[in-house]
Number of protein chains: 2
Amino acid sequence: MPTPRAYHHGNLRQTLLNAAVQLAEEVGAEHLSLRELARRVGVAPSAPYRHFASRKALLTAVAEEATERLRIGMVTGAAAHRQQGLEQLQALGEAYLDWAEQHPMHFRVVSARDQIDYAAASGMAQRNQELRDLTLQALELAQQQGAAQRCDPQTLAVLARATVYGLARMQTDGHFAQWGLDPATGWQSARELLGVFVGLLRPATQKG
Amino acid sequence: MPTPRAYHHGNLRQTLLNAAVQLAEEVGAEHLSLRELARRVGVAPSAPYRHFASRKALLTAVAEEATERLRIGMVTGAAAHRQQGLEQLQALGEAYLDWAEQHPMHFRVVSARDQIDYAAASGMAQRNQELRDLTLQALELAQQQGAAQRCDPQTLAVLARATVYGLARMQTDGHFAQWGLDPATGWQSARELLGVFVGLLRPATQKG
DNA sequence: ACCTGAACACCGTTCAAGT
DNA sequence: ACCTGAACACCGTTCAAGT
């Protein structure tokens, strides 16, 4: 049975990770302090260094967990729309936006990358590759079905990601208010704007 | 004639701003230290507080300067393409990307907004409003000329900004490498991808 | 193996005191 | 009016020492 201080004997690492997520969501990842974290968990300021080489290494571990959640969301989203390219593309984009909505701190840390050591996060790079492949496959299927055929699918994949990334960041960074959109419904607006983008790819015969 | 220490008598404020830009470009705005800044300028750690209420206030002043540069660039870009809606839209987007390319630190500080006090930066908000109006006017002109007529111009304006913002951040945040794009030519790629987006808005008769 | 406690070299910010 | 110098309450990180 776990005592209140069970983490002092085996699972301090995961305890620190969980507390780090909570603290970062309160004050922002850029203001996360290892000393404050240690204080909350009830250990000495130096204790985290048995489990993480640095503050950056801890945040990188948080980012790895976050990327796995994103991967699960996008794989699930794609699986729900087999055989329909543009619907699958939209589902992938919506899964990305849903993830950013539910974990804005994770989204910021993972995407801005200035608080983490991306080069050392092999799991993240691997998962990201999987997500790019999913997007590309959806687009190639869509093109077989007539969408934006005069464009290179690789090019469209980057453009689609830029769109969804730009929308997520505008909401997260607080830009939407100035564009006449209510921040409270910003994520819903982002999903609708994604729909407009996907609509621009649709074959001319299906337009209107 | 200005002596080496002339800034000690009248223009320490601007000297601090200039040195702040240089230091932030070296170490990243999030790691800019007021003490290091004071050290470089040759004043006491408390001296900057005569001119800026806080570290955040200083970075906000830097962001105001940066936004004025963006405004000049975009106004110039739009002026070069009168009477052609989509060309004007593209010129506006390219001016935005040029600015982000030439001042990536400025771009990050202005857009992420977590290091500045945007609510207190009335000049920034005003200039941003001007830039949104420019974009909207270009799109309305483009629609009179047949582009994407079934879409609300306000909606297209936000989508266009999300595209260009997403592209600029992907390059700045180092995402392009994983999408098979050379980071060295990333800004050129961004401009080309902007062109693909604008092409998606083009009337069907002009396509191909 | 895992954690403590003291230490080092930093921070942002405040404030009395100098000119 | 503008700047200095000392001070306060913090940081991240290291390292000898404890269990």
Side-chain angles (χ1 to χ4, degrees), chain A residues 2-63 109 112-117 120, chain B residues 2-63 109 112-117 120:
Chain A
T3 79
R5 286 190 199 148
Y7 44 79
H8 282 201
H9 314 93
N11 53 353
L12 176 57
R13 186 193 148 90
Q14 191 59 47
T15 302
L16 284 168
L17 283 176
N18 297 342
V21 169
Q22 200 174 339
L23 181 54
E25 276 167 356
E26 288 174 30
V27 301
E30 70 276 19
H31 295 121
L32 179 136
S33 145
L34 275 193
R35 294 184 93 108
E36 168 69 14
L37 188 62
R39 229 174 277 129
R40 289 198 179 194
V41 167
V43 294
S46 55
Y49 288 86
R50 284 293 136 185
H51 303 276
F52 301 99
S54 63
R55 196 192 99 108
K56 201 164 202 168
L58 182 141
L59 281 171
T60 303
V62 169
V109 169
R113 294 190 187 171
D114 52 0
Q115 310 262 3
I116 67 176
D117 186 0
Chain B
T3 78
R5 286 191 200 145
Y7 44 81
H8 281 202
H9 314 94
N11 54 352
L12 176 56
R13 186 192 147 90
Q14 192 58 46
T15 301
L16 284 168
L17 283 176
N18 297 341
V21 169
Q22 199 174 339
L23 181 54
E25 276 168 357
E26 288 174 31
V27 302
E30 69 277 19
H31 295 122
L32 178 138
S33 146
L34 275 193
R35 293 185 93 108
E36 169 68 14
L37 188 61
R39 229 174 278 130
R40 290 199 178 193
V41 168
V43 295
S46 55
Y49 287 87
R50 284 292 137 186
H51 301 276
F52 301 99
S54 64
R55 196 192 97 109
K56 202 164 201 169
L58 182 140
L59 282 171
T60 303
V62 170
V109 168
R113 294 190 188 173
D114 52 0
Q115 310 262 3
I116 67 175
D117 185 0

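Each chain gets a letter, A, B and so on, in the order the sequences are listed, and its residues count up from 1. No experiment lies behind these values; they were computed from the predicted model shown.
Spacing between atom OH of Y49(A) and atom P of dA6(C) amounts to 18 Å, rounded to whole angstrom units. Atom CZ in R13(A) sits roughly 16 Å away from atom C1' in dA1(C) (whole-Å rounding). Here dC11(C) presents its P atom at 11 Å from CZ of R40(B), a figure rounded to the nearest Å. Taking atom CD on Q115(A) and atom C1' on dG12(D), their separation rounds to 14 Å, with Å as the unit. Atom P of nucleotide dG12(D) and atom CD of E36(A) are separated by 10 Å, given to the nearest angstrom. Between L37(A) atom CG and dT13(D) atom C1' there is a gap of 15 Å when expressed in whole angstrom units. Atom NE2 of H31(B) and atom P of dC10(C) are 15 Å apart (whole Å). The CD atom of E30(B) sits 16 Å away from the C1' atom of dC11(D) (whole-angstrom rounding).
The listed nucleotides are dT4(D), dT4(C), dG12(D); the one nearest the side chain of R55(A) is dG12(D). Listed nucleotides: dA7(C), dC15(D), dC11(C). Nearest to the side chain of R35(B): dC11(C). Nearest to the side-chain atoms of S54(B) among the listed nucleotides dC11(D), dT13(C), dT13(D) stands dT13(C).
In this structure dC15(C) sits in a base pair with dG5(D), meeting the Watson-Crick or G-U test at under 3.5 Å. Base-pair partner of dC10(D): not found among the strands shown (Watson-Crick or G-U wobble, both distances under 3.5 Å).
Annotation: the span from E25(B) atom CD to L32(B) atom CG amounts to 11.0 Å, rounded to 0.5 Å. Here the straight-line distance linking atom CD of Q115(A) with atom NE2 of H31(A) works out to 9.0 Å at 0.5 Å rounding. Rounded to the nearest 0.5 angstrom, L34(A) CG and R39(A) CZ are separated by 11.0 Å.
Mapping R39(A) and R50(A) onto DNA chain D by nearest heavy atom places R39(A) at the nucleotide closer to the 5' end. Between S46(A) and L34(B), the residue anchored closer to the 5' end of DNA chain C is S46(A), taking for each the nucleotide with the nearest heavy atom.
A donor N or O paired with an acceptor N or O is not found under 3.5 Å between the base of dG12(C) and the side-chain atoms of S33(B).
Considering only side-chain N and O atoms, H51(B) lies nowhere under 4.0 angstrom from the phosphate OP1 or OP2 of dA1(D).
Across all strands, L32(A) comes closer than 4.0 Å only to sugar-phosphate atoms, never to a base (heavy-atom distances).
Counted by atom type alone, N18(B) and Q22(B) present zero donor-acceptor pairs between their side chains at under 3.5 Å.
A47(B) and L12(B) get closest at one heavy-atom pair: CB-CD2, 4.3 Å.
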